[in-house]
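Given the structure is predicted, the values throughout are model-derived calculations rather than measurements.
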Amino acid sequence: MSAYLCAMEKIVRVLGWAGFACGAITAVFATMPGRWGLIAMFIMLPGFLLSSAYVLLSTRYRIESKFFNPGYAGMILSSVPLMLIIYFMLTK
């Protein structure tokens, strides 16, 4: 394994966990009342960007995760505010 591929695996792993952390924070803030929803919308964008970078790089360099894929989970968690907005629009 080349040093470049080893470095890319580390970068991709950091991107995945950073995207998951942003997504988790977004999901928690989106369910809280008050201005927390607005903060969740601002944290959602970096979560999407980090998770998208994870997916792009892990696909390009064929990096496989063993048990848990943090990039995809971060992307799902980052979309919680949008899902809540759609839910509240449809139920009114």
Which side-chain N or O atoms in residues 77-88 pair as donor and acceptor under 3.5 Å with protein atoms at least two apart or in another chain?
residue	atom	partner	partner atom	Å
Ser78	OG	Gly74	O	2.9
Ser79	OG	Ile76	O	2.7

Q) Partners of Phe29 by ring pair (Phe, Tyr, Trp, His ring centres under 6.0 Å), sequence neighbours excluded? A) Trp36
Q: State, to 0.1 Å, how close Val28 and Thr31 come at their nearest heavy-atom pair, and which atoms those are.
A: O-OG1, 2.9 Å
Q. At their closest point, which heavy atom of Cys22 faces which heavy atom of Ile43, and how far apart are they?
A. O-CG2, 3.8 Å
Q. Nearest 0.5 Å, what's the OG-CE distance between Ser51 and Met44?
A. 12.0 Å
**Q.** Partner set under side chain to side chain contact (heavy atoms under 4.5 Å, CB included) for Trp17, not counting sequence neighbours
**A.** Arg13, Phe20, Phe68, Pro70
Q) Who are the side chain to side chain contact (heavy atoms under 4.5 Å, CB included) partners of Leu15, not counting sequence neighbours? A) Ile11, Leu50, Ala53, Tyr54, Leu57
Q.
Can you list everything that forms a side chain to side chain contact (heavy atoms under 4.5 Å, CB included) with Phe42? Sequence neighbours excluded, please.
A. Leu38
Q.
Please tell me whether Ile25 and Ile39 are part of a single hydrophobic cluster in this structure, the criterion being side-chain heavy atoms less than 4.5 Å apart.
A. yes
Q: Quick one: name the residues clustered hydrophobically with Leu49, using the 4.5 Å side-chain heavy-atom rule over I, L, V, M, F, W, Y, and just say none if it's on its own.
A: Leu45
(Q) side chain to side chain contact (heavy atoms under 4.5 Å, CB included), that's the test. Do Val12 and Tyr61 meet it? Break it down for me. (A) CA-CA 10 Å; Val12 168; Tyr61 294 106; 5.5 Å; no
